[in-house]
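Input: a single structure, listed below in structure tokens.
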Protein chains: 2
Amino acid sequence: MGINIRKQHVLEAIVESHIATAEPVSSRSIARKYRLGVSSATIRNEMSDLEELGLIEQPHTSAGRIPSQSGYRYYVDRLMKNSSLTTQEKKIISSIFAQKAKAINNIIQRTIKTVTHLTDYLVLLSWPQLENAALKKIKVLPLTPDQSLMVIMTETGWVESKVIDLPSGMTPDSLERIENVLNTHFQGLTFPQISRTILHSVYDELLKQRKLLDRIMGIVEAVLQENADEGIFLGGAYNILKQPEYSDIAAVRNLMSFIEEESILRSILQKTNPTEVTVKIGKEINYDPAAKYSVVSAVYSIGGNVVGSIGLLGPMRMDYARAIAIIEYITGTLSETLSKDVLY
Amino acid sequence: MGINIRKQHVLEAIVESHIATAEPVSSRSIARKYRLGVSSATIRNEMSDLEELGLIEQPHTSAGRIPSQSGYRYYVDRLMKNSSLTTQEKKIISSIFAQKAKAINNIIQRTIKTVTHLTDYLVLLSWPQLENAALKKIKVLPLTPDQSLMVIMTETGWVESKVIDLPSGMTPDSLERIENVLNTHFQGLTFPQISRTILHSVYDELLKQRKLLDRIMGIVEAVLQENADEGIFLGGAYNILKQPEYSDIAAVRNLMSFIEEESILRSILQKTNPTEVTVKIGKEINYDPAAKYSVVSAVYSIGGNVVGSIGLLGPMRMDYARAIAIIEYITGTLSETLSKDVLY
DNA sequence: ACTTAGCACTCCTGTCATATGAGTGCTAAG
DNA sequence: CTTAGCACTCATATGACAGGAGTGCTAAGT
């Protein structure tokens, strides 16, 4: 029993109808709405075969069929037609990036908000992570007699700065010396590579400035920690409640239980393929509480370096074609903008 | 018909029982659980009076009573006994601030998380706002030949820094000149006070550095915008779903519809009284969709300057005594810590 | 005058039986 | 191979009904 053209048409009809209505799809409704030129009885036979193949399933005997996880997978891989955004939608997205104030923070926030309005799904956005970025330079800049600004720059163009209080009796000279030592030891390394050993050798070399060094190390640690703990934004939690599958409180609780856990969202996004839009369906997400969801995601980059990703999380029944179109367009435009002229 | 002692006891019993169980409270259950020394019939008479006074109400004829908004208000103002945290809870809170890495961001995040675990309510935290802070200094520090770091410091100790690309042919001298002009014009002003007029006079004075100035103004604008748009954090959305009132999807939708709107949360917190813990009950919040909620909030400060506030949003039926104790303790400790030795 | 036992009354909630209708699977004829 | 026809299944809606919680009122007790 192969999957002939007609079976494909039937499967396609089932998937698309179910995506549109959230209801099980009956043979009769397919015969009516999709002109396949056969009667409902024939479609019933095909459906019976599709069920045996595991592509669709029946919630109960006297209900229509809904696509199974593999049904969606088959649809996404082989049946789905590309969708593209309307010019108006593209305009809306462009307007995110057209604004004058181009602080990265701002762009990210507006990106989330816009995508949120464009879909009824949950928008996940992972923030540029320092973790994989190599350090380019550390600067300790004098601000006032007793305060300095420590600036940490990475190869990807990321800049983090923190104010530190200086111990009394600190000369500009010794500050410069510290700066030099730090740069010599840390340059080119990623944060996780700055090991205890390296820290110790720095300590040895700057034994006299122990006190200040402690503060600086505290900051490095803090920056590290911040960038390990943060970096996921989320929008559209309200949106997703519009979907009929969340008219039941248990589903909402289940959803809420994991969207507040940043580490989980991060791990979901981390599986994004860096070269193309990734679609994870149901158990493919590999996280039990999300087994009834799907994620469409893609990475974005600054000057060729992947810095984060954007994903849409929705019910398995999500409109994949549209989600893919949106994600594709937004990551493209975002990468382009970030690579051009962003203020950090 | 005055509110005699016994009526107060009955009201107190009703409020506390309803807070504990979320169920309407019957005369009989009061007679049983609270030793008032009278029968349920007597309590019924008192309840009838309390209802006429508008302090309690009846969901339907054959149900018990629940406190009305004014009932809660009366309870909070006159009947409620102060609650205090256990030493263990205080320890948990202290541990937020005990950690070495004291980046403000980090402290804020951990504060939210901790309070989230301590209660079943939604935690709102407003981030230090630049809006009311006077500018102390603007610095433009050379980083690389074609990049500078612009640092904006406020009187409250807040520091914001951004990298800007320099137009070619920029000398350290002209940078310094710009810095001086900016400081002369902006120092001591709050962001909203930097008006078009002032901006124009700066433009006039620095006509030659038009290009760079445009960028700098872009940044000032961006910082302004960021700090108008951001600054609310939220935690515990999942928590609040544990409350029995949210076993109904409509209530959840209602809640979600406004907790995603930062401007609304901000306006809710903005009503916080700067000198004491504020309790807003139901319609007192003055925002229709939140008419069934209550908010307990207080401000926190850095060195005496109010910089933000923390609030707990829960059903009207929330445990006010506990909420107040938590908010009081956390804002106190937070202010203290932030005023001491925080890295920005 | 206040308290309280007793009882009628209200109204919510859960259960059960029944009817309805959508949808399938199968059979037999085209 | 297709399809009309029909029996069968099962979710859902409806209404009747009982049970129970709680009140309000009355009348008797203190």
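Numbers restart at 1 for each chain; the letters A, B, ... are given by sequence-line order, proteins then strands.
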What pairs with [X] under side chain to side chain donor-acceptor pair (under 3.5 Å), at least two apart in sequence or on another chain?
{"X": "B:Gln8", "value": "B:Tyr74"}
{"X": "A:Asp288", "value": "none"}
{"X": "B:Tyr238", "value": "none"}
{"X": "A:Asp319", "value": "none"}

Hey, is A:Glu16 close enough to A:Lys33 for a salt bridge, meaning N to O under 4.0 Å?
-> no

Return the set of residues passing salt bridge (charged side-chain N to carboxylate O under 4.0 Å, His left out) with A:Glu12 (not counting sequence neighbours), or none when no residue passes.
-> A:Lys81

Rounded interatomic separation in angstrom, taking [atom1] from [X] and [atom2] from [N]:
{"X": "B:Lys7", "N": "C:dT3", "atom1": "NZ", "atom2": "C1'", "result": "14 Å"}
{"X": "B:Glu52", "N": "D:dT23", "atom1": "CD", "atom2": "P", "result": "16 Å"}
{"X": "B:Asn4", "N": "C:dA1", "atom1": "CG", "atom2": "C1'", "result": "14 Å"}
{"X": "A:Ile43", "N": "D:dC1", "atom1": "CD1", "atom2": "C1'", "result": "15 Å"}
{"X": "A:Leu50", "N": "C:dG25", "atom1": "CG", "atom2": "C1'", "result": "16 Å"}
{"X": "B:Arg6", "N": "C:dA1", "atom1": "CZ", "atom2": "C1'", "result": "12 Å"}

Contiguous Watson-Crick or G-U pair runs (3 or more, under 3.5 Å) in DNA chain C = C:1-30 with D:1-30

Ignoring hydrogens and angles, write down the donor-acceptor pairs under 3.5 Å from the side chains of residues 310-317 of chain A, residues two or more places apart or on other chains.
residue  : atom : partner  : partner atom : Å
A:Arg317 : NE   : A:Glu245 : OE1          : 2.9
A:Arg317 : NE   : A:Glu245 : OE2          : 2.9
A:Arg317 : NH1  : A:Ile19  : O            : 2.5
A:Arg317 : NH2  : A:Gln243 : OE1          : 2.7
A:Arg317 : NH2  : A:Glu245 : OE2          : 2.8

Please list each protein N or O that sits under 3.5 Å from an N or O in nucleotides 3-6 of chain D, with the distance.
residue : atom : partner : partner atom : Å
D:dT3   : OP2  : A:Ser39 : N            : 2.9
D:dT3   : OP2  : A:Thr42 : OG1          : 2.7
D:dG5   : O6   : A:Arg44 : NH2          : 3.4

Does any residue of residues 58-67 of chain A have a heavy atom under 4.0 Å from DNA chain C, and if so, which ones, in number order?
-> A:Gln58, A:Thr61, A:Ser62, A:Ala63, A:Gly64, A:Arg65

DNA chain D contacts made by residues 13-36 of chain A, counting heavy atoms under 4.0 Å | none

Between A:Ser297 and A:Thr272 the two heavy atoms that sit nearest each other are OG-OG1, 2.8 Å

Give a yes or no on whether B:Asp77 atom CG has more than 12 heavy-atom contacts from other residues, nucleotides or ligands under 6.0 Å away.
-> yes

Does A:Glu51 have any side chain to side chain contact (heavy atoms under 4.5 Å, CB included) partners at least two apart in sequence or in another chain, and if so, which?
-> A:Ile56, A:Gln58, A:Arg65

Under the side chain to side chain contact (heavy atoms under 4.5 Å, CB included) test, which residues partner B:Thr61, sequence neighbours left out?
-> none

Look at the rings of B:Phe258 and B:Tyr293 and say which category their plane angle falls in: under 30° parallel, 30 to 60° tilted, over 60° perpendicular.
-> perpendicular

Checking B:Ser68 side chain against B:Gly54 main chain: does a donor-acceptor pair fall under 3.5 Å?
-> yes

